[in-house]
Structures are given as structure tokens and as C-alpha cells.
Engineer: 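Please find one structure pasted underneath; my questions will follow.
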Number of protein chains: 2
Amino acid sequence: MFQDSERPLYEIKANLFKGLSHPYRIRILEILATASLAVSGPGEVAVADILTETELEASHLSQHLSVLRRHRLVRSQRRGSTVYYRLAFPEVADLLRVARSLLGEILEETKDQLDTAGVLR
Amino acid sequence: MFQDSERPLYEIKANLFKGLSHPYRIRILEILATASLAVSGPGEVAVADILTETELEASHLSQHLSVLRRHRLVRSQRRGSTVYYRLAFPEVADLLRVARSLLGEILEETKDQLDTAGVLR
DNA sequence: TGATGAATTGATAATTTCATCATATCAACG
DNA sequence: CGTTGATATGATGAAATTATCAATTCATCA
């Protein structure tokens with residue numbers, strides 16, 4: 001059979017996190033998440049707009065978008081010479097949100113420890 | 001100042017996902033998450049028990065636990081010659097849960113597409 | 001104190017990811 | 001059809017991560 005998806009779930013999960021392990025890919029996903037949040041928003045963003053916002057070079061951005069596509073985190077659609085990207089699932093935004101929440105805890109605790117150590121003063 | 005935490009949040013977030021990007025580290029976190037869920041559970045797990053459950057070699061496990069500690073995802077406590085690990089924050093379990101949910105969507109869609117293509121028949 | 005069990009750290013080769021430039025492809029237009 | 005704008009793919013060296021074995025450290029006990 002073609003059941004590559006017979007891999008253990010923890011392996012697939014780790015692979016998902018690999019797709020998320022680069023700063024620019026996080027930035028891209030957050031741009032898309034913001035677009036999907038706007039009530040009257042388009043839910044999608046043109047590559048040119050991502051280029052502008054991230055200040056990446058075109059081929060660098062494409063490489064990252066390709067990784068995101070491969071990991072099924074985004075979808076693309078070409079209309080004429082413009083390509084649009086959107087989050088593939090709302091849960092991607094959920095994941096970013098929970099990660100933000102966790103980081104908040106981590107950074108808060110780190111700050112407390114630095115305070116305790118008197119490092120910040 | 002010592003503000004290494006002046007790095008952009010998306011960079012810190014990507015780094016968090018790096019800590020999660022290995023199958024065994026996911027397994028470890030899930031073992032700890034399960035321990036923290038049990039109502040009368042200890043919330044913590046001895047290294048020896050993780051060793052047994054994952055069937056890793058001791059030094060391999062230690063290397064992974066060290067990464068998790070460095071990323072502030074777990075905490076350890078030595079009592080006598082036994083070291084116990086626990087999740088550093090409940091949000092770690094949340095993150096695993098949301099990732100699982102997202103993967104459910106991804107795998108569901110992949111399965112649908114394979115069905116459509118008649119590959120599974 | 002030496003031996004033993006538990007766990008961690010150090011070291012290094014193999015593998016994967018990242019950074020970045022060159023090239024190719026797709027779409028529109030005169 | 002050639003040119004241009006937009007976007008993707010290919011290629012490769014550098015950097016980071018993984019896999020795995022050796023050595024060390026910590027705690028306990030006789």
C-alpha cells in the first residue's frame with residue numbers, strides 16, 4: 001500500500017514542528033493568520049505583499065513558502081500573474097496562539113529569575 | 001544589558017518549535033503530559049520510567065532531556081539517585097493537543113485526496 | 001573508600017536545514 | 001513572438017541538528 005501515513009504519530013508531529021522551526025516561516029504564517037482574522041478580510045495574501053512585509057528576497061520567500069506547502073500548512077492559488085497564499089487550516093493559527101501563550105509563561109518565568117538574581121539591576 | 005530576550009518574538013517562537021522537532025522529544029513530552037493529566041497522578045516521571053517506555057539508551061535520552069530543559073519545556077528534580085521530570089507549563093500539553101488536532105485535519109484531507117485519486121483502491 | 005546504579009556530559013561523524021545565488025517557469029502584453 | 005513582471009525551482013556551501021559511543025558525575029551502600 002501507499003500508507004506512508006503509517007508512521008507513528010509522534011514522528012509526524014515532530015515533522016510538523018520542523019516546518020515551523022524557522023523565524024521567517026513563523027512570520028509568514030502570522031501574516032496569513034492576521035489576514036484570516038480580519039472579519040471582512042480576504043483570508044489570503046498575495047506573495048508580493050508578503051515580500052514587502054518581510055523584506056525577503058523573492059527566491060528566499062519562495063523557498064520558505066515551498067516548505068510550508070510541503071507541510072500542508074498553507075494553500076496557494078494563482079490568479080493571473082499573482083499567487084495568493086492562505087492558512088490551510090484554522091488550527092494553524094490556534095497553534096501559533098498557544099505557542100505564544102506558552103512563550104509568555106516561559107519569558108515571564110525567565111524574567112522573574114533574572115529579577116531574583118538581581119541581574120537586571 | 002543582558003537582554004538576549006530582545007530577539008523578535010517570531011524568532012523565539014521558531015526556536016521553541018525547534019525544541020519540539022524530534023520524535024523522541026515528542027514522545028517524552030507526551031509521557032509527561034499523560035502523567036500530568038492523571039487526577040491522582042504524580043505529574044512527574046522518573047527517568048528510568050521514560051527509559052523503559054521509550055526504549056532509548058540512557059545517554060540518548062539524556063541528550064533529548066537536556067534539549068527540553070534548555071528550551072524550558074520541562075523541569076527536573078533529583079531525589080536521591082532518582083531524577084524526576086515534569087512539564088514546565090500546562091501550555092506544553094495544550095500545544096501538543098492543538099498540534100494533534102491540526103494533524104487530524106491534515107491527515108483527514110490527505111486521506112480524502114487519496115480516496116479521490118482512487119489510490120486506496 | 002571502592003563498587004554499583006542512575007543519570008549526565010563530552011565528543012564526533014552523519015544527516016538535515018539554512019542561506020543565497022542562478023536559472024527556469026508562468027502569465028500578460030505590445 | 002519577445003519582453004517584462006511575478007513566482008518557483010535548482011544548486012551548493014555553511015551551519016545546525018541528530019545519532020551514537022565514551023567518559024564523567026552524583027548518590028548510595030558495605
Engineer: Is there, by distance only and without an angle test, a donor paired with an acceptor across the side chain of B:S81 and the base of D:dC26 below 3.5 Å?
Structural biologist: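 Per atom types, no contact qualifies.
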Engineer: B:L73 versus B:L16: any side-chain heavy-atom pair under 4.5 Å?
Structural biologist: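 The answer is yes, as the side chains (C-beta and beyond) meet within the 4.5 Å cut-off.
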Engineer: OP1 or OP2 of C:dA6 versus the side-chain N and O atoms of B:R78: is any pair under 4.0 Å?
Structural biologist: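 Answer no for this pair, as no side-chain N or O of B:R78 is under 4.0 Å from OP1 or OP2.
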Engineer: Tell me, do A:V92 and B:L102 make a side-chain contact under 4.5 Å, heavy atoms counted?
Structural biologist: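 In contact.
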Engineer: Can you check the A:E11 CD to C:dT16 P distance for me, whole Å?
Structural biologist: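 These atoms are roughly 12 Å apart.
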Engineer: Closest approach to the side chain of B:S62, judged atom by atom: which nucleotide of C:dT8, D:dT7, C:dC21 is it?
Structural biologist: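 That would be C:dT8.
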Engineer: With a 4.0 Å cut-off on heavy atoms, is B:S21 in touch with a base, just the backbone sugar-phosphate, or nothing at all?
Structural biologist: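 Sugar-phosphate contact only.
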Engineer: If I take atom CG in residue A:N15 and atom C1' in nucleotide C:dT17, what distance separates them, rounded to the nearest angstrom?
Structural biologist: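 A:N15 atom CG is separated from C:dT17 atom C1' by 12 Å.
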Engineer: Nearest whole angstrom, please: distance from the P of D:dA19 to the CD of B:E57.
Structural biologist: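 Those two atoms, CD and P, are 13 Å apart.
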Engineer: Are the side chains of A:L9 and B:I26 in touch, meaning some heavy atoms are under 4.5 Å apart?
Structural biologist: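 In short, these two side chains do not touch, never coming nearer than 4.5 Å.
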Engineer: Are OP1 or OP2 of C:dT9 and a side-chain N or O of B:R69 less than 4.0 angstrom apart?
Structural biologist: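 The answer is yes; a side-chain N or O of B:R69 sits under 4.0 Å from OP1 or OP2.
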Engineer: Between D:dT17 atom C1' and B:L68 atom CG, what is the distance in whole Å?
Structural biologist: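 After rounding, the gap between these two atoms is 14 Å.
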Engineer: Is the shortest side-chain N/O distance from B:Y85 to OP1 or OP2 of C:dT8 below 4.0 Å?
Structural biologist: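 Yes, within the criterion.
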Engineer: Could you tell me the Watson-Crick or G-U partner of C:dC26, where both distances fall under 3.5 Å? Say none if there is no partner.
Structural biologist: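 Across any shown strand, C:dC26 pairs with D:dG5.
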Engineer: Step by step, would you call A:H64 with A:I28 a side-chain contact (heavy atoms from CB on, under 4.5 Å)?
Structural biologist: CA-CA 9 Å; A:H64 286 301; A:I28 292 163; 3.9 Å; yes
Engineer: What is the distance, to the nearest angstrom, from the CG atom on B:L61 to the P atom on D:dT18?
Structural biologist: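 Answer to the nearest Å: 15 Å.
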Engineer: Touch check for A:R79, heavy atoms < 4.0 angstrom, all strands: base, sugar-phosphate only, or nothing?
Structural biologist: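 Nothing, no heavy atom under 4.0 Å.
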Engineer: Starting from P on D:dT17, measure out to CD1 on B:I26 and report it in whole angstrom.
Structural biologist: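 To the nearest whole Å, that distance equals 16 Å.
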Engineer: Is the shortest side-chain N/O distance from A:K18 to OP1 or OP2 of C:dT16 below 4.0 Å?
Structural biologist: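 False: A:K18 side-chain N/O out of range (4.0 Å or more) of C:dT16 OP1/OP2.
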Engineer: Send over the distance from A:D49 CG to D:dT7 C1', rounded to a whole Å.
Structural biologist: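 So the two atoms are 14 Å apart, to the nearest Å.
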Engineer: So, is A:H22 near the phosphate of D:dA16, with a side-chain N or O under 4.0 Å from OP1 or OP2?
Structural biologist: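 Checking D:dA16 against A:H22, no side-chain N or O comes under 4.0 Å of OP1 or OP2.
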Engineer: Taking everything shown except B:R100 itself, do over 12 heavy atoms lie less than 6.0 Å from its CZ?
Structural biologist: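 Check fails, neighbour count at 12 or below.
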Engineer: Under 3.5 Å, is there an N or O donor on one side and an acceptor on the other linking the side chain of A:Q63 and the base of C:dT20?
Structural biologist: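 A donor-acceptor contact between them is present.
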Engineer: Whole angstrom is fine here: how far is it from CG in A:L51 over to C1' in D:dA6?
Structural biologist: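 One finds 9 Å between C1' of D:dA6 and CG of A:L51, rounded.
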Engineer: Counting only side-chain heavy atoms from C-beta out, which of C:dT16, D:dA19, C:dC21 sits nearest to A:S59?
Structural biologist: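 Ranking C:dT16, D:dA19, C:dC21 by closest atom to the A:S59 side chain puts C:dC21 first.
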